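First the structure, in the form of structure tokens, and then the observations on it.
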Amino acid sequence: MRFRYVCTECETTYEISPRILVCPACSKKQQADKPLRGILEVASEEAPQASEEAAQTDAASDIYDYLPVDRRFFPPIPVGNTPLWEPFNLRKKTGFANLYIKDDTFNPTGSLKDRASYLVAAFAQQHGIRRIVVASTGNAASSMAGVGAAAGLEVTIFIPQSAPPAKLVQALQYGAEVILVKGNYDKAYDLSLEYSASRRDSNEGYVLSRNTGYNPLTIEGKKTVSFEICAQLRDPVDFLFVPTGDGVILSGVYKGFRDLKSLGTIDRVPTIFAVQAEGSRALYTAFQSGDFTETPVPSATIADSIAVDVPRAGYYALRQLQSHDGRCVTVSDADITEAQRLLSSTTGLFAEPAAAAALAGFLAVKDQLPADARVVLLITGSGLKDIESARKGVKMPCS
Ligand SMILES: *Cc1c(COP(=O)(O)O)cnc(C)c1O
């Protein structure tokens, strides 16, 4: 299958190339303190058709047919194909007999971010690119560092000083060049873009930005989780809970379900709940009012992976929520800490705060949902990545 980029705003199409990340025309309209303009989406040039083979086996095994990089370029590290499982005790506790967990802590670096890093690394291999740069609150950095190591790529990361130490140590273990930023994620983001722009035409070679939302492949890579859920569950998903900061996972999840719908694999896109922290709820606010009109509020939440002032994929994510009858819900840090411990103690799955927010969001709205609904919680990252936050939910024994 052949693919192109399509601008999600003006619908201009572009040939897929490392030299183009956002739509040149629409990105000129970028305003400070607003989500990214001119995000590109991958689209196939032919009308999508499920291959006969794919229809007979499951969609996930043929996912490479629906990705814009040939399978031979992917590094030899087992990303994706994570388990979808049935948490019996949590089912009993919540009264939802068809509750499922999609456990993306199983990815090699412990978070869903590997799905994006995997596609970006393969793309770099295909185009002979040697270095990748990324700004991150932690997981995208450790993910790109790990998957990049498997591919033999050089990785530079810009990470705020406040990032959980485990994520930083992880990135260093994988051999990444780490630049600690005095300031927040947004500052790190700007610095990383300056870094890649300054090397655009240098002799050192082209540096590819993996910044989330900015590189279209970060959205495309994350769609694989929807393909897997459909193949694993077979019956249609009714409700899916997705922890949301920049809105790139949310957008990728939607992209996956839209692809599956146009392939004829599913009849409808599930109802998706974007779960945000009360202290980082820009998308929620925009969803309520219909647009990003408010001045950004500095984020403050225990869930560092969903702490953003300005959601990068904000416009795009908002449009998907609006056009697929999605929902948005916020949860407090106390709710998140409680959900984290509930998840650990009833299922054996220790998730980081951002990931536990999916359960907190479900608990917040479950009384409005039919108890026989098929509900999937997307658990996006491992609890071992942030022990300091998890400590707040438990009582340490005295010595
Ligand atoms: C990045 C991340 C999220 C949020 O994804 P966005 O694309 O920023 O909305 C949620 N959970 C974990 C563990 C993450 O690493």
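Source: prediction; values computed, not measured. For ligands, and for the atoms within them, numbers begin at 1 and follow the listed sequence.
- Between Phe123 and His127, the ring planes are tilted. Angles from 30° to 60° get that label.
- Judged by the 6.0 Å distance and 45° axis criteria, Arg199 is not positioned over the aromatic ring of Tyr206.
- In this pair, Tyr64 and Phe74 present their aromatic rings perpendicular. The plane angle is above 60°, beyond the 30 to 60° band.
- Using a 3.5 Å distance cut-off with no hydrogens or angles, the side chains of Thr156 and Arg131 do pair a donor with an acceptor.
- Centroid-to-centroid, the aromatic rings of Phe362 and Phe273 stay 6.0 Å apart or farther.
- Stacking of Arg4 on the aromatic ring of Tyr14 is not recorded, the 6.0 Å distance cut-off and the 45° axial limit not both being met.
- The 4.0 Å heavy-atom shell around ligand 1 contains residues Lys113, Asn139, Pro243, Thr244, Gly245, Asp246, Gly247, Val248, Ile249, Ser305, Ile306, Glu352, Ala354, Thr380, Gly381, ordered by chain and number.
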